S.K.: 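Before anything else, here's the structure in question.
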Amino acid sequence: MKKLFIIFLIVVSSVFLFATGESESGPIMVGVAGPYTGDLTALGVSAARGVQIVVDDLNSKGGVLGRKIKLVIEDEQCEPAQAANVAAKFVGDKVVAVIGHSCSGATRAGMDLYKNENLVVISPSATNPELTSGIYSTFFRTVAPDTSQAKTWVDFLQSKGVRNVAFLHDKGDYGKGLAEYAKEFAQEAGINSVLFEGITPGGLDYSAIVLKISNTKAQAVVFGGYYPEASKLISQIKTQKLDVIFVSGDGVKNPGYLGIAKQDAEGTYVTGPKDVSGLDLAKKARTQYVDKYGEEPGSFFNEGYSAALVLFGAMEKAKSTSSKAVMAALRQNSFDTPIGKISFDKNGDVIGSGFSVYEVKNGKFVEISK
Amino acid sequence: MSFEFFLKVFFGGLTKGSIYALIALGYTMVYGIVKLINFAHGEIYMIGAFTALILIEALTVLNMPFVAIIVCAVLVAMVSAAAYGYSMEKIAYKPVRSAPRLSALISAIGMSLFLQNYVRLAQTSSFLSFPKILPTFQFVEKVSYLNSSQIIIYFFTVIIMIGLTWYVNFTKTGVSMRALSQDRVMAMLMGIKVDKIISITFMIGSAIAALGGILVSAYIGQINFYMGFLAGIKAFVAAVLGGIGNLPGAVLGSFILGFSESFGTIFVSSDYEDVFAFILLILILLFKPSGILGASEKEKV
Amino acid sequence: MNRNSIHTAIFTAIWFALITFIIVGVQVNTIDGSMQWHPGRAVFIAIVSFLLSLLWQRVFTVQDIDLTEAKNARNTFWIGYFTHGKNIFRKIRTVGIEAKKKHKTVLLLIISIPLLFLPLLGLYQTKVITSVLVFMLLALSLNVVVGLGGMLNLGVASFFAVGAYTYALLNYHYHVGFLIGFIAAALVSLITGVLVALPVIRLKGDYLAIVTLAFGEIVRIVLENWSSFTFGPSGISNVVRPKFFGMTLNLQHVTGYIYYIAFIVVVLAMFFINRLEHSHYGRSWEAIREDGLASQAMGVDLAKTKMLIFAIGALLAGVAGVVLAISTGYINPKSFTFWQSIIPLCIIVLGGMGTMSGVLLGAIILVWLPEYLRVFSDYRFLVFGIILVVMMIFRPDGLIRKTRKEYQ
C-alpha cells in the first residue's frame with residue numbers, strides 16, 4: 001500500500017508541476033510556430049531562424065523596452081490539430097504575440113484561439129486570402145496573399161499573348177488555392193483553361209500528366225505548388241520537348257529549384273516577392289544567416305526576419321507589449337525590413353511588398369521589370 | 001490517339017512499374033521469410049541514395065575518373081545498405097521474432113521513424129539535387145517515346161529479377177530461403193541455420209533497395225529524407241497485389257500498379273491517380289484473396 | 001561484465017561507427033555545394049554504441065529464472081527495478097503485469113482524480129488531454145476490431161474522417177446542433193463500416209490489412225480532391241462548438257466543456273465494450289479470433305459477426321471524429337492520414353491488446369508524451385521511434401497483459 005501511495009503522490013504532483021506560472025515583468029514571450037519536423041520542414045525552418053536572428057540581435061543590445069525577448073518555438077508539422085494545441089500552449093505560456101504559422105491551414109486552426117485571446121499574429125508565409133478577409137482582426141502577414149500572386153501570373157500570361165493554359169497543382173492547400181484563383185482570373189481575362197489537375201507530391205514520375213498536356217493546345221503550364229514537384233515537372237516537360245511557357249509561384253522561387261532542375265529551369269518563369277537582394281537590410285540578413293547556420297537561407301527567411309523586425313519595432317513605437325497598442329503601431333507606421341519599406345492595411349495585408357515575375361537566366365532568378 | 005502516344009504512355013507506366021518492382025522485390029523477400037511487413041524498407045532505399053550521393057560528392061573532390069566514382073559509390077552504397085539491413089534486423093526484428101506479428105510491425109514502424117529522422121538530422125531536411133549519373137545513349141534519344149534513363153532502369157530491373165530468381169532457385173542459400181519461408185520448423189530440422197539465412201535475406205533485400213534508391217534519385221534528379229516512406233507504401237501495395245512472399249508476384253504487381261497509374265492519369269485524371277491503384281487492389285483481392293500469384297492457402301481442418 | 005562482453009561491445013562500437021560514418025560524418029548540400037565533416041559525431045556514436053552494447057548483453061543473457069522470484073516480481077511495477085536490480089529486465093520480459101482487479105481500481109483512482117479537475121490546469125493541458133481522449137477512442141475502435149475480432153485494420157483514419165466530416169458538413173450546411181450531429185455522424189460511420197466490411201471479411205491476415213490501408217488512402221484522396229463536397233485541402237473551419245444547455249460559452253469554458261464531453265464519451269465507450277466483451281457476443285468473438293473454422297462449426301455466423309465487429313469499430317472511430325471536429329474547430333484532410341491510422345495501432349500494441357487500462361496507458365504514452373517531448377524539439381520523433389522499438393523488444397505483448405477468464 002505504501003508503494004501505491006508513493007506512486008499516487010508522484011502522479012498527482014507531476015501533473016500539477018506542469019501548471020504554468022505568472023510573469024508580469026521579465027522576458028517578453030513570443031511564440032513562433034511552424035513545421036520543423038516532417039515532410040514540410042523546408043517551409044518553416046528558415047523563417048523561424050530569421051526570427052531567432054533578429055531576437056538574438058535585439059537581446060544583445062538589451063532587448064526591447066528594457067526587457068529581453070524569449071521565443072517559444074513549437075513544431076506543428078502544418079497539421080491543424082497540432083497547431084491548435086500549440087496555440088493553446090502559447091496562451092498558457094503567456095505569449096504576447098505569435099509569429100507564425102507557416103501553412104495557411106495551421107494558421108486558421110491557431111487563429112481560432114488567438115482571436116479569442118486577442119493575440120497579435122504575424123505570419124511569414126500563410127498566403128490564403130481568407131485570412132485577411134476581415135474575420136481575423138489580429139492577423140498580419142509579411143507576404144502577399146495568393147490572390148495577388150495569381151493576378152500577377154495572369155497579367156504576365158496576357159502580356160505574352162497566351163490564350164490556352166494548363167493549370168496544375170499539388171493538391172495542397174496553398175498550391176490548389178493558387179491554381180484556382182489563377183484559373184478564375186484567367187477565365188475572366190478571356191484565357192482558356194485546357195486542363196486543371198493535381199499531381200501527387202512525392203511522385204516518382206510525372207511523364208503521364210506531361211503527356212496529357214502535350215495532347216492539348218496548351219501554350220503555357222501554370223503550376224501551383226513547391227519546388228520539388230516543379231523541378232520534376234519541368235524536367236519532364238523538357239525531356240518530352242514540350243514547347244510551353246512554364247510559370248510557377250513563390251513556393252518554387254527557391255535555390256533548390258535551380259539546384260535540382262539545373263538546365264531544365266532555364267527560360268521558366270517564377271513569381272516571388274519583389275527582388276530585394278540589393279537592399280542593404282536583405283544583404284545583412286542573408287550574411288547573418290550564412291554565418292550562423294552555414295548554408296543559404298531557404299524559403300520565407302526574409303519574411304520571417306521582417307515579421308520579427310516589424311513586431312518588435314511596433315512594440316518599441318507603442319512603448320508597450322499590449323496587443324491593442326502593438327496593432328495600432330503596426331497599422332500606423334512603416335518599417336524598414338529586408339523585404340522593403342512596408343506597412344499594413346486595415347486587414348493585415350502587407351503594403352510595399354508585392355510579387356514580381358522572375359525569369360531563370362543562366363541559373364539565376366532575374367527580375368523582369370514590367 | 002496515335003500509336004506513338006500510346007507507346008509513350010506505355011513506357012511511362014513501365015518505368016514506374018520497374019521502379020516499384022525494385023523496391024517491392026526486397027519487401028516481398030523479407031516478408032516471405034519472416035512474415036514481417038518491413039516498414040523500414042523504404043528508409044533503406046533512401047539511405048542507399050544518400051550514401052551514394054555523399055560518396056559521389058566526396059570522391060569528386062578527389063578527382064577520380066567519373067565512371068570509377070559512380071561504380072564505387074553504387075557498390076559502397078549497396079554494401080552499406082546491406083550492413084544497415086543486417087543491423088536493423090538484429091536490433092529491431094530478431095528480438096520480436098517470437099512475439100505476436102503486430103508487435104514486429106510496430107517495431108518496424110519505430111525503426112522507420114528512427115531512420116528517417118536520423119538522416120534528416122545528420123544531413124538536412126531540404127530537398128537536394130542528385131547528380132546526373134545516368135549515361136545517355138544517342139541511339140535511344142532519337143526515339144521520342146523512350147529515353148536513356150528509362151532504358152537503364154529497365155536494364156537493372158531485368159538483371160535483378162533474373163539474378164534473384166536464379167539465386168533463389170539454384171543456390172544453396174537461395175533454396176534455404178525458400179525452405180524457410182515455407183516451413184520454418186521443418187527447415188530447422190533439416191539443419192538450416194535460420195539466423196544466418198534471415199540475415200542474408202535482409203542484406204540482399206537492402207542492397208537491392210539501395211540500388212533502386214540510387215536509380216530513382218538519379219532519374220528524378222532529387223533526393224529527400226522523406227522519399228522512402230512514400231515509395232515504400234506504393235511498393236508494399238504492389239507486392240500484395242501480386243501475392244506477397246512471391247518474387248514474380250511482386251514484379252507483376254508492380255507493373256500493374258505502374259500501368260494503372262499511367263493510364264489512369266491519361267484517361268481519367270491525375271487527381272485520383274493513386275485511387276485507381278487502390279481500387280484495383282481491392283477488386284483483385286476480392287476475386288483472388290491471396291493476390292494474383294499468391295498461393296491460395298488451403299485450410300486444413 | 002567479462003572480457004568477452006567487452007570485446008563484443010568494442011566490436012559493436014566499431015561496426016556502428018563505420019556504417020554510420022558516411023551519413024553522419026559527412027554532411028553534404030548539393031544545392032549550395034557545401035560539404036562538412038563531423039568526425040566528432042562518429043566518436044560519439046562509437047561511445048554510445050559501446051555502452052548500449054554492454055547494456056544489451058546484460059539484458060539478454062540467458063540465465064535461469066527463479067520462479068518464485070518471478071512471481072514476486074509481478075507486484076513490483078517499476079519500483080521493483082531499484083530493489084531487484086539487474087534481474088528486473090528479464091522479469092519484465094517474461095512476466096506480465098496482469099490487469100488484476102485491484103490494480104485496475106487503483107490505477108483508475110489515481111488517474112481520475114487529476115482528470116476530473118483538469119480544466120483548472122489551463123487551456124493547453126485540457127486541449128492535450130482531449131487529444132489523448134480522441135486517440136483513446138480510436139484505440140478502443142482498434143481494440144474491438146483487432147484485439148477482440150482479430151482483424152488487422154490499418155485504415156481506421158477513414159472512419160475517423162467520415163465521422164468528423166459528417167458532423168462538420170452537417171454543421172456547415174444545415175447548422176445542425178451537437179446532439180443531432182453526433183448521432184448522425186455515428187450512424188453514417190456505422191453504415192460505412194458495414195459497407196467496407198462487405199469486401200473485407202472475406203480476406204485474411206495481411207491482405208485484410210492492406211485493403212483497409214487502401215481504403216484509408218482512398219478516403220483521404222477523395223477528401224483532398226472532391227473540393228465541391230469536402231472543401232478539399234482548405235478544410236472546414238469554424239465548426240460550431242456545442243452549446244451548454246442553450247448558452248454559448250467562451251473559449252476557455254467551452255474547451256473544458258468539450259473535454260468533459262469527450263471524457264464521458266470515452267467512459268461510455270469503455271463501458272459499452274466491456275459489456276459486449278462479457279456477453280455472449282464477446283464470447284463468440286473470442287471463439288472466432290481463436291479458430292474461425294471451429295466456431296463456424298459450432299454455429300457462429302462468421303460473416304455477420306465479423307461485420308458487426310467491424311461496424312462497431314467504425315462507429316467508435318466516427319465518434320472520435322466528431323470529438324476531434326468540435327475540439328479543434330477546424331478539420332482538413334491532413335488530420336486523417338496514414339499516420340493517424342498507425343498511432344492507435346501503436347497504442348493498443350504498446351498498452352496491451354484487448355485491455356482497457358492498456359489503451360489508457362498506451363494513449364498516455366504515445367499521445368500525451370510527445371507533447372512533453374517537445375523539450376527534445378528536433379529529436380522528438382527520433383526518440384519516439386526509439387521508444388517504439390524498445391517497447392516492442394522488452395514488452396512485445398504490451399504493458400498490460402490480458403487475463404483470460406477462467407470458468408471453474
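Each chain gets a letter, A, B and so on, in the order its sequence line appears, and its residues count up from 1. Just so you know, these numbers come straight off a predicted model, no measurement behind them.
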S.K.: Quick one: what part of A/S235 sits under 4.5 Å from any heavy atom of chain B, side chain, backbone, both or neither?
M.R.: neither
S.K.: Would you find a donor on one side and an acceptor on the other, under 3.5 Å apart, between the side chain of A/S248 and the backbone of A/F223?
M.R.: yes
S.K.: Check each atom of A/K232 against the heavy atoms of chain B and say whether the ones under 4.5 Å are side chain, backbone, both or neither.
M.R.: both
S.K.: How about B/F10 and B/F259: are their ring centroids closer than 6.0 Å?
M.R.: yes
S.K.: Can a side-chain donor-acceptor contact be found between B/S112 and B/E43 if the only test is distance below 3.5 angstrom?
M.R.: yes
S.K.: Quick one: what part of B/L128 sits under 4.5 Å from any heavy atom of chain A, side chain, backbone, both or neither?
M.R.: backbone
S.K.: Determine the option with the most heavy-atom pairs under 4.5 angstrom with chain B, choosing from A/Q236, A/K262, A/K212.
M.R.: A/K212
S.K.: Relative to chain A, which segment of B/I266 carries a heavy atom at a distance below 4.5 Å: side chain, backbone, both, or neither?
M.R.: both
S.K.: Could you tell me whether A/K183 sits above the aromatic face of A/F167, with NZ or CZ closer than 6.0 angstrom to the six-membered ring centre and within 45 degrees of the axis?
M.R.: no
S.K.: Side chain from CB out, backbone as N, CA, C, O: work out which of these in B/Y219 comes under 4.5 Å of a heavy atom of chain A, or both, or neither.
M.R.: side chain
S.K.: Does a donor on one side chain and an acceptor on the other come within less than 3.5 Å for A/Q52 and A/Y293?
M.R.: no
S.K.: Answer with side chain, backbone, both or neither: which region of B/F229 has an atom nearer than 4.5 Å to a non-hydrogen atom of chain A?
M.R.: neither
S.K.: Of the backbone (N, CA, C, O) and the side chain (C-beta and beyond), which part of B/I220 lies under 4.5 Å from a heavy atom of chain A, both, or neither?
M.R.: both
S.K.: At a heavy-atom separation under 4.5 Å, does A/Y206 approach chain B through its side chain, its backbone, both, or neither?
M.R.: neither
S.K.: Is the closest side-chain heavy-atom distance between A/E229 and A/L168 below 4.5 Å?
M.R.: no
